[in-house]
Participant: 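First the structure, then my questions, so here it is.
Just so you know, ligand 1 is whichever comes first in the structure, and atom 1 is the first atom listed for that ligand.
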Amino acid sequence: MVMSIESKRLILVLGDQLTPRRGALAEAEPGRDVIVMAEVAEEANYVRHNQHKIALIFSAMRHFCAELREAGFEVIYVPYETGLPSLYAAVMLALEQCDAGKVLCTEAGEYRLQAAIGSWNLPCDFEWVKDDSFLVDHSAFNEWADGRKTFRMEYFYREVRRTYQLLLQSDGSPEGDRWNFDAENREGWRGKAEVPEPPLLEPDAITAEVISLVQSKFPDNPGQLEHFQFATTRQGAEKQFRWFLEYCLPSFGRFQDALAEASPWLFHARISMYLNIGLLEPLAVCRSVEEEYRAGKCDLAAAEGFIRQVAGWREYVRGMYWLQMPDYANLNRLDAVAPLPDFFWTGETDMRCLSRAIGQSLDLGYAHHIQRLMVIGNFCLLTGIDIGQVCDWYLGVYVDAFEWVELPNTLGMALHADGGIMASKPYAASGKYIQRQGDHCKQCRYSPAKVTGDDACPYNSLYWRFLHKHSAQWDLNPRMKLSLRNWQRKPEEEQVAILEWAETVTAQLQS
Ligand code: DLZ
């Protein structure tokens with residue numbers, strides 16, 4: 001059968017769109033449509049990506065290409081070694097090879113890329129296809145947000161639970177008669193429970209080849225690829241998720257906010273990277289967790305805690321990102337301008353919790369949410385580090401980081417640079433919080449009980465200085481008033497000593 005040039009379509013599949021039958025692939029037909037995928041310098045270098053992240057994405061892309069070819073598709077795949085600079089160059093090359101009359105692409109996850117692709121000068125038509133891989137699409141989110149003065153996740157999350165009938169009783173009320181079991185997700189780590197060791201994963205030939213490629217082309221990027229343990233196929237990701245259900249979910253809720261010396265991941269699922277590149281689907285993982293709960297294999301606090309993260313928080317941050325971009329990226333309401341300290345690229349600091357969290361982020365491309373928010377983010381917030389530098393660090397270092405999820409979490413939630421759009425109060429904490437949540441302090445040269453002096457935990461004086469420095473703002477914030485009053489009640493000479501010590505600590509940490 002002879003195809004007319006007009007009927008043939010070229011479908012560009014990005015490195016985080018690896019789901020068959022979603023977006024532009026939903027109506028793709030083998031024999032008619034041609035698919036293009038490309039590993040390109042522009043995407044690999046727009047921030048200093050962790051080697052783990054590049055290896056995960058390139059290997060998952062190559063596996064997905066094989067899956068599509070097996071399903072009968074013609075795929076033009078441009079490997080990194082070809083040296084193509086950009087996705088635009090890849091599409092132009094593919095158009096020369098396949099004579100398509102139209103290019104299709106599923107909406108990009110990041111504003112940057114969506115804007116760039118939208119401005120391409122192509123010799124044929126171009127069409128965006130809606131991204132249907134999230135539970136809440138842009139129009140549904142905008143409808144929810146329309147007319148609201150505040151955008152609290154909690155109310156959004158309840159609507160998602162209702163829409164998808166997640167953890168509901170037969171009368172539509174929430175399972176357990178409460179929407180949120182957050183209060184039961186905060187136990188500190190005292191080393192009393194056994195953390196299961198995940199089975200080791202041997203890289204297959206494709207992944208092994210990608211690992212050597214990344215090690216040779218990105219030698220100065222962070223990441224120790226000899227520890228690469230990410231699945232790069234749908235089946236592999238599902239296997240890791242099933243392992244989580246069996247061995248970690250029962251303790252996940254209880255220790256969701258814990259910090260442990262002995263384990264970088266405790267009972268966390270570590271599936272965000274698979275959800276974010278399309279190897280797992282959000283509704284399917286939520287339904288599986290609900291099934292575990294209904295079968296009596298985990299308690300409600302664990303199941304609800306998981307579903308809140310995936311169906312609530314993840315969808316909410318994505319909606320908030322698209323609602324507010326591009327202006328959101330430039331917000332800096334607390335005037336944070338200090339440079340990112342060098343130890344963010346080595347992990348070498350005497351602050352034990354910070355050193356462990358940064359070290360594992362660099363080496364493994366992963367840290368769990370309390371490490372990201374309350375250890376690293378809290379440090380950046382209290383020391384007023386430049387928003388752009390912090391955001392680029394998070395975007396590069398974590399395997400699951402794409403701007404739609406990274407920016408609201410870092411700029412909004414961790415750094416409070418949006419003035420409270422994402423969170424009604426800043427996540428600022430002293431050393432006491434770190435001590436309560438885990439066991440790092442026991443091995444730290446600093447004492448969380450001291451505020452000034454060489455052995456005082458730096459979080460303490462930095463916390464008080466943070467309250468002092470922005471006191472005019474906190475005075476207007478009902479959730480910060482109590483902490484501010486605690487500061488204001490201190491005798492003046494104690495305040496002066498603390499503020500002076502905070503300056504000394506800052507200078508030491510930045511040298
Ligand atoms: C993150 C990433 C990297 C490192 N490399 C590529 C690439 O070479 N080709 C590609 O199509 N996608 C890559 N990605 C993912 C994109 O950056 C991602 O699609 C955008 O950030 C939009 O979400």
Side-chain angles (χ1 to χ4, degrees), residues 10-19 22-25 35-65 68 75-94 103-118 120 128-131 133-134 138 210-211 213-215 217-218 220-223 225 228 230 232 272-279 314 317-318 321-322 325-326 329 365 391-392 394-409:
L10 180 68
I11 301 176
L12 169 63
V13 173
L14 303 172
D16 58 350
Q17 297 178 341
L18 310 181
T19 319
R22 284 268 176 220
L25 290 178
I35 293 165
V36 58
M37 300 174 70
E39 301 166 6
V40 295
E42 202 171 64
E43 291 308 302
N45 294 315
Y46 73 92
V47 281
R48 198 172 167 213
H49 295 294
N50 197 304
Q51 292 186 16
H52 284 272
K53 183 176 178 185
I54 305 174
L56 169 71
I57 288 171
F58 285 6
S59 177
M61 285 172 71
R62 290 180 187 201
H63 282 97
F64 190 56
C65 165
L68 290 168
V75 185
I76 298 174
Y77 193 94
V78 186
Y80 196 77
E81 297 89 326
T82 313
L84 272 199
S86 63
L87 290 168
Y88 176 67
V91 167
M92 292 299 278
L93 183 84
V103 175
L104 300 184
C105 184
T106 306
E107 291 164 342
E110 299 193 343
Y111 184 90
R112 163 194 70 82
L113 193 54
Q114 178 86 5
I117 295 176
W120 285 355
W128 285 116
V129 179
K130 255 172 76 166
D131 181 357
S133 63
F134 287 82
H138 293 319
V210 166
I211 287 176
L213 168 81
V214 173
Q215 284 171 328
K217 299 284 184 191
F218 304 91
D220 299 327
N221 290 34
L225 281 185
F228 188 82
F230 294 109
T232 54
S272 46
M273 59 298 281
Y274 307 136
L275 289 168
N276 293 356
I277 65 172
L279 297 188
R314 180 173 184 271
V317 296
R318 191 248 186 177
Y321 171 80
W322 279 100
M325 281 299 280
C391 287
D392 280 355
Y394 274 81
L395 189 57
V397 158
Y398 293 113
V399 283
D400 52 11
F402 294 91
E403 198 186 60
W404 62 263
V405 58
E406 175 279 322
L407 196 70
N409 270 307

Participant: Please confirm whether Asp16 comes within less than 3.5 Å of ligand 1 when only nitrogen or oxygen atoms on both sides are compared.
Facilitator: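 Right, the criterion is met.
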Participant: Working to the nearest 0.5 angstrom, can you tell me the gap between Arg22 CZ and Gln17 CD?
Facilitator: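 It is 12.5 Å, given to the nearest 0.5 Å.
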Participant: Restricting to non-hydrogen atoms, name the atom on Ile35 and the atom on Leu25 that form the minimum distance, rounded to 0.1 Å.
Facilitator: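 The answer is CD1-CD2, 3.7 Å.
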Participant: Would you check if there is a donor-acceptor pair between the side chains of Tyr46 and Glu110 at a distance under 3.5 Å?
Facilitator: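 Per modelled atom types, Glu110 and Tyr46 side chains form a pair under 3.5 Å.
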Participant: For ligand 1, which atoms sit closer than 4.0 Å to a heavy atom of Leu87?
Facilitator: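 The atoms of ligand 1 under 4.0 Å from a heavy atom of Leu87 are 11 (O).
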Participant: With a cut-off of 4.0 Å, which atoms of ligand 1 are near a heavy atom of Gly15?
Facilitator: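 Selected atoms, number and element: 10 (C), 11 (O), 12 (N).
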Participant: ring-ring contact (aromatic ring centres under 6.0 Å, His included) for Trp322 and Phe134? Distances and angles first, verdict last.
Facilitator: CA-CA 13 Å; Trp322 279 100; Phe134 287 82; over 10 Å; no
Participant: Strictly under 4.0 Å, does any heavy atom of Tyr46 approach an atom of ligand 1?
Facilitator: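 Yes.
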Participant: Would you kindly specify which portion of His49 sits under 4.0 Å from ligand 1, judged on non-hydrogen atoms: side chain, backbone, both or neither?
Facilitator: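 Answer for His49: side chain.
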Participant: Need the ligand 1 atom indices (1-based, order shown) with element for anything under 4.0 Å from a heavy-atom of Val40.
Facilitator: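 That gives atoms 7 (C), 8 (O) of ligand 1.
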Participant: Nearest heavy atom to atom 13 (C) of ligand 1: which of Glu43, Glu107, Glu42, Gln114 does it belong to?
Facilitator: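 Looking at heavy atoms only, Glu43 sits closest to atom 13 (C) of ligand 1.
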Participant: To check you understand the geometry: which heavy-atom pair defines the closest contact between Phe58 and Leu213, and what is its length?
Facilitator: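 Reported closest heavy-atom pair: CD2-CD2, 3.9 Å.
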Participant: Can we call the ring centroids of Tyr321 and Phe402 under 6.0 Å apart?
Facilitator: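 Not under 6.0 Å, so no.
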Participant: Any heavy atom of Phe58 closer to ligand 1 than 4.0 angstrom?
Facilitator: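 In this structure, Phe58 qualifies as a contact of ligand 1 - some heavy atom is under 4.0 Å.
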Participant: Quick one: closest heavy-atom pair of Cys391 and Leu407, and the distance?
Facilitator: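 Result for this residue pair: SG-CD1, 3.9 Å.
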Participant: Looking only at protein heavy atoms, which one is nearest to atom 15 (C) of ligand 1, and how far off is it?
Facilitator: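 In this structure, atom 15 (C) of ligand 1 has Phe402 CE2, 4.0 Å as its nearest protein heavy atom.
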Participant: Can you list the atoms of ligand 1 that are under 4.0 Å from a heavy atom of Gly109?
Facilitator: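 Answer for ligand 1: 22 (C), 23 (O).
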Participant: Give yes or no for whether the N/O distance cutoff of 3.5 Å, strictly under, is met between Ala108 and ligand 1.
Facilitator: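 In this structure, Ala108 places no N or O atom under 3.5 Å from an N or O of ligand 1.
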Participant: Please list, in number order, the atoms of ligand 1 under 4.0 Å from a heavy atom of Ala38.
Facilitator: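 Heavy-atom distances to Ala38 below 4.0 Å select 7 (C), 8 (O), 9 (N), 10 (C), 11 (O).
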Participant: Please verify the inter-ring angle class for His52 with Phe228; under 30° counts as parallel, over 60° as perpendicular, anything in between as tilted.
Facilitator: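 Judged by the thresholds at 30° and 60°, the geometry between His52 and Phe228 is parallel.
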Participant: Check contact between Arg112 and ligand 1, using heavy atoms of the residue and a distance below 4.0 angstrom.
Facilitator: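 True for this residue.
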Participant: Show which atoms of ligand 1 fall inside a sub-4.0 Å distance from at least one heavy-atom site of Ile57.
Facilitator: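 Result: 1 (C), 2 (C).
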Participant: Does Phe230 have Lys53 sitting over its ring (NZ/CZ under 6.0 Å from centre, angle to axis within 45°)?
Facilitator: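 So Lys53 doesn't make the cation-pi contact.
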Participant: If the threshold is 4.0 Å, N to carboxylate O, is there a salt bridge linking Asp131 and Arg318?
Facilitator: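 So Asp131 pairs with Arg318 through a salt bridge.
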Participant: Between Leu14 and ligand 1, which residue portion shows a heavy-atom distance shorter than 4.0 Å: side chain, backbone, both, or neither?
Facilitator: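 Looking at Leu14 and ligand 1, atoms from backbone and side chain both fall under 4.0 Å.
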